[in-house]
Colleague: 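Quick one: the structure is below, and I'll ask about it shortly.
Just so it is clear: chains get the letters A, B, ... in the order the sequence lines come, proteins before strands, and each one is counted from 1.
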Amino acid sequence: MCGRFAQVIKYDRLQKLEKELRLTQKAQQLELNFNVAPTQTVSAVLSQDAGRYIGAFRWGLIPSWSKEIPSYSMINARAETITEKPTFRSGLQRQRCLLPANGFYEWRKSDKQPFFVHAANDDLIYMAGIYDAWYGPDGSYVPSLTIITTAANTAMSQIHDRMPVLLFDENRQAWLEHKNTDASSFLPLLQPAAEDSIAMYKVGKLVNKVGNNTEECLLPEE
DNA sequence: CCAGACGTTGTT
DNA sequence: GTCTGG
DNA sequence: CCAGACGTTGTT
DNA sequence: GTCTGG
């Protein structure tokens, strides 16, 4: 699954992101978060008729029809069943997004050892997500999102049996194109990442504590 | 028809 | 054990 | 995801 | 909103 990640996108990488994902609006410098946890605010790229840009969302989907902010946080959506779930269906069709990240943290099931999983070439990874907008009875407005998970690939399966859906190259464009409402244009993208696309290393238990939001979270251990 | 749920993971 | 908060 | 709390009554 | 159960 994906329950923690690093979103530390400094100026140079942001410039590259804007170009590669063909943003139509220039992005503001983003908050640097070495230890993003559920319910926190995260940045994601989305396309609408008005253009393609980076927005801020609460991590943990709040469906638009919710009466209140749910106590249970829907931080992940299973790719295998996503089309069957009313909670995700409309978002999947029209409100897809990509979460740029340096990588994500995964705790080895057997011993709770945390690992940092990142792109083999050290570029940013892009996790597939869907978003929704929620309007509270008091007039509050809360955009939120969830990260799609799939089966772990062989490399990942050493530590865990799930992983976020990662998109590369032109698949990113295809996923973001909101005018593609035909499931056949985006469902096939929801697959485990290619074996050679990711790499991982052990990190310290420092990352366990949400309050630890420093570069140290990314330091290799041993 | 209306009422009520709508989620994932890990563990057992 | 289970729920909440981050 | 992990960490940390988890309760009531009466008195101040 | 949309699906399921009765």
Colleague: What is the minimum heavy-atom distance between A/Met200 and A/Ile159, and which atoms define it?
Modeller: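 In this case the closest contact between A/Met200 and A/Ile159 is SD-CD1, 3.8 Å.
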Colleague: For A/Ala133, give me all partners under side chain to side chain contact (heavy atoms under 4.5 Å, CB included), at least two apart in sequence or on another chain.
Modeller: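 Only A/Tyr135, A/Tyr141 meet the side chain to side chain contact (heavy atoms under 4.5 Å, CB included) criterion with A/Ala133.
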Colleague: Verify the distance criterion only: is there a donor paired with an acceptor across the side chains of A/Gln173 and A/Arg52 at less than 3.5 Å?
Modeller: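 Short answer, yes.
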Colleague: Taking N or O atoms only and anything under 3.5 Å, show me the protein contacts with nucleotides 4-7 of chain D, one pair per line.
Modeller:
residue	atom	partner	partner atom	Å
D/dG4	OP1	A/Lys209	NZ	3.1

Colleague: Please collect all ring pair (Phe, Tyr, Trp, His ring centres under 6.0 Å) contacts where either partner lies in residues 189-217 of chain A, sequence neighbours excluded, each pair once.
Modeller: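 Found A/Phe116-A/Tyr201, A/His118-A/Tyr201.
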Colleague: Would you please name every residue forming a side chain to side chain contact (heavy atoms under 4.5 Å, CB included) with A/Asn171, sequence neighbours left out?
Modeller: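 If we apply the side chain to side chain contact (heavy atoms under 4.5 Å, CB included) test to A/Asn171, skipping adjacent residues, the hits are A/Leu167, A/Leu189.
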Colleague: For A/Phe88, which contact category applies under a 4.0 Å heavy-atom criterion: base, sugar-phosphate, or nothing?
Modeller: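 Sugar-phosphate contact only.
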Colleague: Throw together a table of side-chain donor-acceptor distances under 3.5 angstrom for residues 78-85 of chain A, partners on residues two or more places apart or in other chains.
Modeller:
residue	atom	partner	partner atom	Å
A/Glu80	OE1	A/Arg162	NH2	2.9
A/Glu80	OE2	A/Arg162	NH1	2.7
A/Glu80	OE2	A/Arg162	NH2	3.4

Colleague: Indicate, with a heavy-atom threshold strictly under 4.0 Å, whether A/Thr149 touches base, sugar-phosphate, or nothing.
Modeller: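 Sugar-phosphate contact only - A/Thr149 comes under 4.0 Å of backbone atoms but never of a base.
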Colleague: When Watson-Crick pairs (N1 to N3 and N6-O4 or O6-N4) and G-U wobble pairs (N1-O2 and O6-N3) count only below 3.5 Å on both distances, what is the dot-bracket string of DNA chain E, with | for other-strand pairs?
Modeller: ||||||
Colleague: What interatomic distance, in whole Å, is found between C1' of B/dG4 and the corresponding atom of D/dT9?
Modeller: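 Comparing C1' positions in D/dT9 and B/dG4 gives a spacing of 38 Å.
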Colleague: May I ask you to verify if any side-chain N or O of A/Arg78 is less than 4.0 angstrom from the OP1 or OP2 atom of B/dT9?
Modeller: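 Yes, A/Arg78 has a side-chain N/O under 4.0 Å of OP1/OP2 on B/dT9.
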Colleague: For nucleotides 1-3 of chain B, give me every protein contact, N/O to N/O, under 3.5 Å, one pair per line with atom names.
Modeller:
none

Colleague: Could you state the CZ-P distance from A/Phe104 to B/dT9, rounded to the nearest angstrom?
Modeller: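 The distance from CZ of A/Phe104 to P of B/dT9 comes to 13 Å, rounded to the nearest Å.
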Colleague: What does A/Thr81 touch in the nucleic acid at a heavy-atom separation under 4.0 angstrom: a base, only the sugar-phosphate, or nothing?
Modeller: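 Contact class for A/Thr81: sugar-phosphate only.
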Colleague: Scan A/Ser90 against the nucleic acid and name what it touches under 4.0 Å (heavy atoms): base, sugar-phosphate only, or nothing.
Modeller: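 Nothing, no nucleic acid heavy atom in range.
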Colleague: Closest approach of A/Ile130 and A/Cys97, non-hydrogen atoms and distance?
Modeller: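 Closest pair (atom of A/Ile130, atom of A/Cys97, distance): N-SG, 3.9 Å.
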Colleague: Does any pair with a residue in residues 204-215 of chain A pass salt bridge (Lys or Arg N to Asp or Glu O under 4.0 Å), and if so which ones, sequence neighbours excluded?
Modeller: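 Pairs touching residues 204-215 of chain A that pass the test: none.
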Colleague: Distance between the P atoms of B/dC6 and D/dC6, in whole angstroms?
Modeller: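 Here B/dC6 and D/dC6 have their P atoms 28 Å from each other.
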Colleague: Using whole Å, report how far CD1 of A/Ile148 lies from C1' of B/dT8.
Modeller: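 A/Ile148 atom CD1 is separated from B/dT8 atom C1' by 13 Å.
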Colleague: Are there any protein N/O atoms within less than 3.5 Å of an N/O atom in nucleotides 10-12 of chain B, and if so, which ones and at what distance?
Modeller:
residue	atom	partner	partner atom	Å
B/dG10	OP1	A/His160	ND1	3.2
B/dG10	OP1	A/His160	NE2	2.1
B/dG10	OP2	A/Asp161	OD1	3.2

Colleague: If you measure from the P atom in D/dG10 to the same atom in B/dC2, how many Å do you get, rounded?
Modeller: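 It comes out at 48 Å once rounded to the nearest Å.
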Colleague: Would you please say whether a donor-acceptor pair under 3.5 Å links the side chains of A/Trp175 and A/Asn180?
Modeller: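 Side-chain D/A pair, A/Trp175 to A/Asn180: absent.
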Colleague: Figure out the CG/C1' separation between A/Leu61 and E/dT2, and round it to whole Å.
Modeller: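 Interatomic distance, CG of A/Leu61 to C1' of E/dT2: 15 Å.
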Colleague: Rounded to the nearest angstrom, tell me the gap between atom NZ in A/Lys67 and atom C1' in E/dG1.
Modeller: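 Going from A/Lys67 (NZ) to E/dG1 (C1'), I get 11 Å.
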Colleague: Can you tell me how far C1' of C/dT4 sits from CZ of A/Arg58, to the nearest Å?
Modeller: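 For the pair A/Arg58 CZ and C/dT4 C1', the rounded distance is 12 Å.
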Colleague: For A/Glu31 and C/dG6, what is the distance between atoms CD and C1' respectively, to the nearest whole Å?
Modeller: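 After rounding, the reported distance stands at 16 Å.
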Colleague: Going by the rule side chain to side chain contact (heavy atoms under 4.5 Å, CB included), which residues pair with A/Asp169 if we only count those two or more places apart in sequence or in a different chain?
Modeller: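 A/Asp169 satisfies side chain to side chain contact (heavy atoms under 4.5 Å, CB included) with no other residue.
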Colleague: Between A/Trp59 and A/Tyr131, does the ring centre distance come in under 6.0 Å?
Modeller: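 No, ring centres 6.0 Å or more apart.
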Colleague: Rounding to an integer number of angstrom, what distance separates D/dA5 and B/dT8 when you compare their P atoms?
Modeller: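 Nearest-Å result for D/dA5 against B/dT8 at atom P: 30 Å.
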Colleague: Tell me whether the NZ or CZ atom of A/Arg4 lies within the 45° cone about the ring axis of A/Phe104 and under 6.0 Å from its centre.
Modeller: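 No, cation not above the ring by the 6.0 Å, 45° rule.
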Colleague: Under the salt bridge (Lys or Arg N to Asp or Glu O under 4.0 Å) test, which residues partner A/Lys10, sequence neighbours left out?
Modeller: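 Partners of A/Lys10 by the salt bridge (Lys or Arg N to Asp or Glu O under 4.0 Å) criterion come out as none, since no residue qualifies.
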Colleague: So, A/Gln40 versus A/Asn33: side-chain donor-acceptor pair below 3.5 Å or not?
Modeller: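 Distance-only check passes for A/Gln40 and A/Asn33.
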Colleague: Quick one: A/Glu84 CD to E/dT2 P, roughly how many Å, whole number?
Modeller: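 From A/Glu84 CD to E/dT2 P: 17 Å.
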Colleague: Identify, with sequence neighbours excluded, every residue that meets side chain to side chain contact (heavy atoms under 4.5 Å, CB included) alongside A/Glu221.
Modeller: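 With neighbours one apart ignored, the set is A/Gln113, A/Lys202.
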